[in-house]
Every structure is written in structure tokens, then in C-alpha cells.
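All chains are named by letter (A, B, ...) in the order of the sequence lines, taking the proteins before the strands, and each is independently numbered beginning at 1. The figures here come from the full heavy-atom set of this structure, side chains too, leaving out hydrogens, waters and symmetry mates.
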There are 2 protein chains.
Amino acid sequence: MRAVRQGRKIDSGSDRAPVGELSRPVLERLAICHQLAVRAGEEGAENMSSAQMANLLNVDETLVRKDMATVGIAGKPRVGYPTGQIIKRLEEVLGLSEYTDAVLIGCGSLGSALLRYPGFSKYGLRIAAAFDADYNKVNQRVGDYTILPMEKCRSVIDTFAVEVAVLAVPAAVAQETADWLVARGIRAIWNFSPIHLRVPADVVVRNENLALGLAELIHHLKRKGAKD
Amino acid sequence: MRAVRQGRKIDSGSDRAPVGELSRPVLERLAICHQLAVRAGEEGAENMSSAQMANLLNVDETLVRKDMATVGIAGKPRVGYPTGQIIKRLEEVLGLSEYTDAVLIGCGSLGSALLRYPGFSKYGLRIAAAFDADYNKVNQRVGDYTILPMEKCRSVIDTFAVEVAVLAVPAAVAQETADWLVARGIRAIWNFSPIHLRVPADVVVRNENLALGLAELIHHLKRKGAKD
DNA sequence: ATCATATCGTGAAAATAATCACGAATGGGA
DNA sequence: TCCCATTCGTGATTATTTTCACGATATGAT
């Protein structure tokens, strides 16, 4: 049996300085470094140099060294940084090493895909239950989950002390759903609706805005095309 | 019947200065401003002030004014910026006003969800066809599409002069699939695999890295929780 | 054992991004 | 009509992020 309580350190003895607030660029690079290290490890590499990582990240190698220093990963001259330590330490820092419980709201096509997405559990997110306001969807099975009616959401949040919600509802009801969740104790929202949510200052929102990604991609494509 | 050729301006007479390279932060804010303006417009607002947008974006209002200036949107003192013009101009700048053709590779749960996602066409991306290497999936219908075998991908790319690919294949084959696509003329990849792709310098990649988003969300949640 | 070289670590400098401060313009009310 | 409050526009300043420059250190070859 496994502890369910999220957000608690499972003191494993190797905790280092808790690392202060990390800025977005740093966090982004660290997450990518984690992936790179995992891949390198799978390919048998014991170490990675800052130059290797920097090359893949398209930044100066100094910056990678600074990032490593920020989270307390030490390298060795002429060798690099040990992949094992990169992976382990970054999983601590990025919060990937402990499970976090979440509820998923909205089981349309995107929500259903997220429910089936194996990556979540790999990255430490455990969907406690999935909900939909549409009674036609309630009781349907999606992957390992049975869709529950919104009425039951409150008790699940309370029972598991869930603080994170994955929001995949239509744009039209995204804001009101977010308000409802916040009122019921949700402290962090991973928002997949194409709406910029307005929440109290003590609630964290990450907008996974596909429109934005698309805009950025197309903008760059056009720029490149124009250039050559 | 509709023109199919993508990437061509449908000269509508209102083209302004083509706007140089926009940095990522600017692009991000503009995309959000677009959404805000759409919502405000739906609620009947003729204008938005920089202060309103800044408040929703959590930045200084000056910055919003600078962004507007960057893309050539003018406001009026005491009134603000006309929502209609914000929407129209930003759709031009962000490339949302003309259709761009794309192929979608990988029709697993995420790929299928993307195929069904109505937001794409709203934001100017037209999926020409969807492909999967798994013959069990070929000929299945997903939304409005029939999954095609990878063998047919090349001819679709050539026929429609497709430059954009949406990549939703498993991590293990993401890199090789990307290489294959690039070799066949794809110039931009919207990557949903949890892998940092390596591509030639003249190819644009946008990594829609869910693990990264999750890491950022959880990191901030922990920070907040520790603070109060 | 010593040297040459690759790579880390870090303070200084440069580049980029965001905010501040304030003048200019506009619409509404006395 | 003229003033006042509001909001835009933008140069100067500050903060943040990235790169540069260079000394320190460990490994492998002679």
C-alpha cells in the first residue's frame, strides 16, 4: 500500500537545499534537461556535458552550467554531469518524484485523450477521478476511469484533499468551472481551454494554450519562409 | 470551392508593415490579447484599455501599449483600443487569418483528440489528412477523417505542398518520424511527443511539452503552499 | 610524474525584457 | 467653450536573462 497524501516529502535522506523560486526559463530548460538525461541514460551514457545539453537546447553552455548549479547538481571537469544524478535531482526539483492527486474536469475529446495519456502518471500526476457535467457521458468508461457526475466532484476533492484540477471543458464554461473549483479548495489549475482564466492570486494556473502554440509555430514558419 | 494553396496572402488591401521578428514573450502576450479581445467583443465591448488587458495578463499596462505599438494597433486616449481592430490585426500577425495545411502523424489517443479538436480550424490550421503506421488503425474513422497509412503521406505532402506536421506519435519513434518528415519537405513541426526533437536549423519546431507544463504547475503549487 | 586538454565554475559584461515617469491627446461635463 | 479626468505613446530607468572571459580541476597520454 502506498501513501496517498500528496505534497508531503517522503524524506528520502538526500534532500538538498530546497531551491528557491525558479524562473520560467530556468524551469523550462530543466524540464528539457531531464528529458535529455533520460534519453541519454537509455542510450547508455553515464555522463552528459553542458555543451551537449546546450547544443540541444540552443543556448550557451554556460547557461546550462548555471542551471545545474542552481539546483545543486555538480559536474566533473573532463567528464560532465552524471545522467543519473541529473534525472534524480531534477525529478525532486520539478516535483516529478512524488505523486500529486488531481481531478479531471470535462471528458470531451481532449479530456478523454488526457485520461488515456500514459505520460501523466510517469510525471507524477495521478488523476483521482474524472467528471463531466453531461449526464450522457456519466458512467461511460474512458481508459481506466468511469466518468462521474459533477455532483460527486466535491466529495472527491475533500476525501483525497485534491489541490490540482485538470480543466478540459469547453471555452464557454471554463471560467465558471474554474470559479467553482477554486471555491471548493482547488489551488492549482492546469487549463486546456482556450481561455485565459481569471483566478485569485493564491491559485496557480498554467494555461496550456494550443492556439498560442499554433500562432508561434506559424509566425516562425512565415518568418523563415520569407528569409530564404 | 475554396482555394487550397496555403501560405499565400489573400491580399485584402489592409496589409500593414509586415512586422519583424517578434520575441516569444511578445508573441505570447499577443495571442492572449487576441483571446481577451474576442471575449470582450462577444460581451459587447467596442474597446479595451491597456489597463484591462494588463490586469488580465499580470503585466504593466505600459507593456501592453508597447505590444500594441509593435504590431501597429493604435488606441485612443480615454477610449482604449478597438476590439475589432485588435482581433483583425492580431489574426494577421499571428497567422490565424489564412488557412495553413498540415498533416497529422500518429492517431493514438492524443492524436485522435487533436483530430477532433474544433479549435484548430478556428485558428487557421487545416488538417489535410491523418496518418498512422499501425495498420490496425488505418481506415478507421476519427471525427471527419479516415486514417491513412504512412505510405500515402508523401503524396499528400507533395500534392498539397504541406509544410506543417502535427506530430503525436509515441516518444520512441518521434525523432525518426521527424527526420522522415523533414526529408520529405516538412518545414514546421508541432510536436506533442514528450521528446525534445533535433531538426535542421531551417525547420521550426514547437514542442508542446506536457511534462514541462506539469512540472511548472507543481513547482509553483509547492512554492505557494510553503509560503502561506 | 608531468603535461596537455577538455570541461566545469563563476564574476563581469552584454543583451533583452519590463517598469517607471511624464507629456500628449481625447471625450465628457461645467 | 473650456477645463478635467482618463488613457495613450514613448524615452529613460531598472530588472532579468544570457553570453563572454578566464581561472580551476580532473583525466589520460607521454
Between [N] ([atom2]) and [X] ([atom1]): distance, integer Å:
X: A/D60; N: C/dA12; atom1: CG; atom2: P; result: 18 Å
X: B/M48; N: D/dT6; atom1: CE; atom2: C1'; result: 17 Å
X: A/I73; N: C/dT7; atom1: CD1; atom2: C1'; result: 16 Å
X: B/L57; N: C/dA18; atom1: CG; atom2: C1'; result: 13 Å
X: B/E61; N: C/dC22; atom1: CD; atom2: P; result: 15 Å

Does A/E91 pair with A/R89 as a salt bridge, N-O distance under 4.0 Å?
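Looking at A/R89 together with A/E91, the answer is no, because their closest N to O distance does not fall below 4.0 Å.
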With sequence neighbours left out, what residues match B/N191 under side chain to side chain donor-acceptor pair (under 3.5 Å)?
B/S193, B/N207
Side chain to side chain donor-acceptor pair (under 3.5 Å), that's the test. Do B/R198 and A/N55 meet it? Break it down for me.
CA-CA 10 Å; B/R198 190 93 190 102; A/N55 184 243; 3.1 Å; yes
Reading nucleotides 22-30 of chain D 5' to 3', which nucleotides get B (base under 4.0 Å from a protein heavy atom), which S (sugar-phosphate only), which -?
---BBB---
Donor-acceptor pair, A/T83 side chain versus A/A45 backbone, under 3.5 Å?
yes
For a side chain to side chain donor-acceptor pair (under 3.5 Å) check, start with the C-alpha distance between A/N209 and B/E28, then their side-chain angles and the critical distance, and finish with the verdict.
CA-CA 10 Å; A/N209 194 333; B/E28 245 174 67; over 6 Å; no
Let me confirm one number: the CG-NZ distance from B/L96 to B/K88, rounded to the nearest 0.5 Å.
14.0 Å
Between B/W190 and B/L125, does the side chain to side chain contact (heavy atoms under 4.5 Å, CB included) criterion hold? Intermediate values first, please.
CA-CA 11 Å; B/W190 197 4; B/L125 194 76; 4.0 Å; yes
Of the nucleotides C/dT19, C/dG9, C/dT7, which has the atom closest to the B/T62 side chain?
C/dT19
Pairs: protein N or O with nucleotides 12-17 of chain D N or O, under 3.5 Å:
unit_1, atom_1, unit_2, atom_2, d
D/dA12, N6, B/K66, NZ, 3.3

Quick check: closest heavy atoms across A/I189 and A/A178, and the distance to 0.1 Å?
CD1-CB, 4.0 Å
Would you indicate, yes or no, if C/dC8 has its OP1 or OP2 atom less than 4.0 angstrom from a side-chain nitrogen or oxygen of A/S50?
yes
Regarding B/V26, tell me which of base, sugar-phosphate or nothing describes its non-hydrogen contacts under 4.0 Å with the strands shown.
nothing
